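One structure is given here, and the rest of the page talks about it.
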2 protein chains.
Amino acid sequence: MLDKIDRKILNLMQRDAGRTNAQMADEVGLSPSTCLRRVRRLQRGGFIDRIIAILDPARAGRGLKAIVTVELDRHGAHEQRRFLELACAQTAVVQAYAVTGQTDVVLMLRLRDMEELDQLCERLFREGSGVARFFTMMVIRTAREETAIPLEV
Amino acid sequence: MLDKIDRKILNLMQRDAGRTNAQMADEVGLSPSTCLRRVRRLQRGGFIDRIIAILDPARAGRGLKAIVTVELDRHGAHEQRRFLELACAQTAVVQAYAVTGQTDVVLMLRLRDMEELDQLCERLFREGSGVARFFTMMVIRTAREETAIPLEV
DNA sequence: CACATTTATGCAATATTATTGCAAGACTTG
DNA sequence: CAAGTCTTGCAATAATATTGCATAAATGTG
């Protein structure tokens, strides 16, 4: 379905979709019109989901990151769904996953400061929230943070 | 530094940077030229880091996600750095964090299949890699996965 | 509060960039 | 090998981004 040039285009756009079509065409060795037609095809085909801007977290006032693992009291589907909904409703929660293993849910948080973490924990983990235990890991260093999906060229 | 309209622009662009400047101008209630000047200012000022394409993971052949927590044998800075470098060199590792808590490192993986996970574990966690324990959590359901940084309007 | 200075705004003109029709070439399939 | 399908590049056209400029708003200063 995808040939080598398609994957090249996707890889370029995953890292920088800000350049002009002419530049891209040049980099993948096609004429601008052909290159653009491929990009449109990749969009219509659903390979490219959307084009977005990535902000600088620190400048946006949310330089703090935390990862939280959550174990629920009972491990039913209903209980889990209820908790995930509550979690997703929190501004600071940017990723929320139901997972296998000892833990039921993993959350990734983007926080303004520790106070916000405190308030968030109040809301998510207070008595009666169905949470048995949770472990908060503050991110000390981000060694890698890619949105790009690895594509073999 | 940022006024209400700037934040509106950033919020729009975090979700969809594919629309035309004229459309955006309309949505934030500015003329196209003024709107564009703001966008350029936000880029030059470093608030907007870059514009990228988000691919459909399943279509890109990496529909499997996993989260791995890693405890190292010794908790020195050197040991940690060495392990993070090794981890970041792996194609499937899209996020890698040094964190506080029981765990030293958290990895987010994007996998083609379980076999790739198997091979990855071989490389990262074999004898002598300095890893004491690791816990692999397969993602069952993604309730939320935002690249957007929460900005109060 | 009045004034000067800076900054942001919209319009219109201009420059760039994206898009499409078309003919030629490449590839597939029977 | 021939008919059909798809892809390509070029050139024309359409759409979009960018800039000069005059005006308006905001901000600072005495």
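Model, not experiment: these values are computed from the prediction. Here is the naming used below: chain letters follow the sequence lines, and residue numbers restart at 1 for every chain.
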| message | Could you check whether B:D6 pairs with B:R41 (Lys NZ or Arg NE/NH1/NH2 to Asp/Glu carboxylate O, under 4.0 Å)? | response | yes
B:R19 atom CZ is separated from D:dA15 atom C1', nearest whole Å, by 18 Å
Taken to the nearest whole Å, CG/A:D3 to P/C:dC27 is 12 Å
Note: for A:A22 and B:S33 on DNA chain C, the residue whose nearest nucleotide lies more 5' is B:S33
Whole-Å distance, B:L30 CG to C:dA8 P, equals 12 Å
Rounded to whole Å, the CZ-P distance (A:R38 to D:dG9) equals 9 Å
Output yes when at least one side-chain N/O atom of B:R41 is less than 4.0 Å from OP1 or OP2 of C:dT7, else no. no
Here the distance between atom C1' of D:dT19 and atom CG of B:L36, to the nearest Å, is 10 Å
When rounded to whole Å, the CG to P distance for the pair B:N21 and C:dG10 reads 12 Å
- Over 12 foreign heavy atoms within 6.0 Å of CZ, A:R141: yes
To the nearest angstrom, the CZ-C1' distance between A:R40 and D:dA15 comes to 12 Å
- Using only side-chain N and O atoms of B:T34, determine if any of them is under 4.0 Å from OP1 or OP2 of C:dG10. yes
| query | Taking A:R110 for the side chain and A:V94 for the main chain, is one N or O donor matched with an acceptor at less than 3.5 Å? | reply | no
Any donor-acceptor pair under 3.5 Å linking the side chain of A:R123 with the backbone of A:Q90? no
Check: Should B:R37 be listed as having a side-chain N or O under 4.0 Å from OP1 or OP2 of D:dT18?
Finding: no
Rounded to whole Å, the CD1-P distance (A:I5 to D:dG9) equals 8 Å
